[in-house]
**Q** 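Dropping a structure here in structure tokens format, bear with me for questions.
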Amino acid sequence: MLELNKSGTDRSEPGRLPAQDPGPDAAPDTRPAGDSPSSGPDAAADRVPLRPYLIAGAILCALYFLYSYFQYARFGSPSWDLGIFEQEVRAYAGFDAPVVDIKGPGYLILGDHFSPIVALLAPLYWIWPSAESLLLAQAALFALGAVIVGRTTQQILGGRSGLCVTVAYGLSWGIQEAVKADFHEIAFAVPLLALVCRALLLKRYTAALLWSLPLVLVKEDLGATVAVVGFLLFVYGRRLQGALLAAFGVAAFVVTLVVLIPAASSAGRYDYWTKIDKNGEQDVSMLDSVLGVLDSSVKIEMLVFLIGITAFMALRSPLTLLILPTLGWRLLSQDSNHWGMVWHYSAILMPVLFLALADGVRRSRGSHRPWLASYAKVAVPVAAAIAVAMTQHLPLRDLLRPDTYRTDDARSQAARAALAAIPAGSRVETDITLMAHLTSDRTVYWVGGAPGAAPDIVAINLDFGWSRPIQDPVAYAEQLHPEARYRLKHRGGSFVVMERTTPEPATIPGVRGD
């Protein structure tokens, strides 16, 4: 169970955490000059070589990017998010407001989710103006989390535990599913949370405070996570720092949801409240949402696998409290996409859980409960074995399949031919299939999401999965935009490209005149 005793040890084990900084408020070292402070965190860091973890991180980065790249090259993006984030980064790279036309002509993305930290990708985008640059950045950020988690584990536990945890984290289902889901802003939160947890475990409390501050710029809900970091600091004895950080986290959470996002939103509100208080068109009370947090086997399965990948040792660490805010809104949500083990929502929980595993093992090694002390000796390799075993059912297994590397199949060739028929600089309305391949040098709208815009091109994949088959693509384009006329420009395989034959509208929604 979670134990919040200030010493950071099992209640039955006296003494402080090994390899931990006593902090700036600790009493001065009164040992004789000849005594070497070999148990301090800096000495522990010196004894743990960085190179093996950098090599492991580089390998994981390569695996993540390889998977993402070939998914992209095969036109297999699972959602519109990669296109959305490229439009946002492209705007920042051009020193423009982050307008994302995929969400609607002229749509300011900060009115949807508050993630200004994404602007940090602008320099990379200057070098490589493509959605692939975002995939590379995410792969690197996830791999950086593995380096931090693994090396911290070895500093705390010693032996080969660090590399085992690096493997367990790197192959964890939360990270793999996030890689499959293409780029998301939470990639920045992964190494930040790893650094926060590392600092807490090493009793570097000021560092924990500082690393947690940028989390409020990653996504609007992470202010609540920052508040929990403040609570832990308070419990660990840094009462002023903890109280101030908790207050900051709560204030950032409230101000972002109530002031900043509504101010940037054309609707003047935070739209995602409806994920909690509405199930389709039916209103759901907060009480019903709370009572229904465990009303699905999908939710229970997700919770079991979250803790199970740590061989259940994360339950021994107070760090596990940091996952509660994210789990809270996911379990309250009426959207089933938030409940399970797919998509990217669990990625930010992985560094917390695996460092909680390390902390739990350390706390259990000296326990007076023999079974717990014995289990602590094998928990780390058990967690690594679980991660390896689960990978046979997870995305990275595709890297062992030759078909993964084939980008010359008929579908991919037809998609590239359709791209070639779309002029650079044009305004394009399209579906998910081609979207992220167009956002670097075209203005891209979501099909059906730009009424009155009369785009230059309407490009669709007839096999996309429409609710009703599209028999006449030209008629469909004119149904979307009755103010314009279109003709067939290109057709190959399931891909159809239509171009507007009437003049461009004098006024285009979302586009302001000079």
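What you see below is based on every heavy atom in this structure, not just the backbone, and it leaves out hydrogens, waters and symmetry mates.
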**Q** With L215, which of I348, I117, D221, L222 fulfils side-chain contact (heavy atoms from CB on, under 4.5 Å)?
**A**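 Single pass found, and it is L222.
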**Q** Do other residues, nucleotides or ligands put more than 12 heavy atoms under 6.0 Å from the OH atom of Y69?
**A**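 No, OH of Y69 has 12 or fewer neighbouring heavy atoms, counting only those of other groups under 6.0 Å.
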**Q** Does the plane of the ring in H338 sit parallel, tilted or perpendicular to the ring in W329? Use 30° and 60° as the thresholds.
**A**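 Ring orientation, 0 to 90° scale: perpendicular.
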**Q** So, K278 and D283, do they make that salt bridge, N to O below 4.0 Å?
**A**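 Judged by the 4.0 Å cut-off on N to carboxylate O distance, K278 and D283 do form a salt bridge.
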**Q** Tell me, yes or no, whether the heavy-atom count around W211 atom CH2, taken from other residues, nucleotides or ligands under 6.0 Å, exceeds 12.
**A** no
**Q** Relative to the ring of H113, is the ring of Y272 parallel (under 30°), tilted (30 to 60°) or perpendicular (over 60°)?
**A**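 Parallel, since the angle between the ring planes stays under 30°.
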**Q** If the plane angle is over 60° it's perpendicular, under 30° parallel, otherwise tilted; pick one for H184 and H344.
**A** parallel
**Q** Would you say CD of Q392 has more than 12 non-hydrogen atoms from neighbouring residues, nucleotides or ligands within 6.0 angstrom?
**A** yes
**Q** Could R269 and D271 be called an ion pair, given the rule that one side-chain N must be under 4.0 Å from one carboxylate O?
**A** yes
**Q** Is it true that atom NZ of K180 has more than 12 heavy atoms of other residues, nucleotides or ligands lying nearer than 6.0 Å?
**A** no
**Q** Can you see whether Y53 has R151 sitting over its ring - NZ or CZ less than 6.0 Å from the centre and within 45° of the normal?
**A**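 Relative to the ring axis of Y53, which defines the angle, R151 lies outside at least one limit.
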**Q** Could you check whether the rings of Y64 and F142 sit parallel, tilted or perpendicular, using 30° and 60° as the cut-offs?
**A** perpendicular
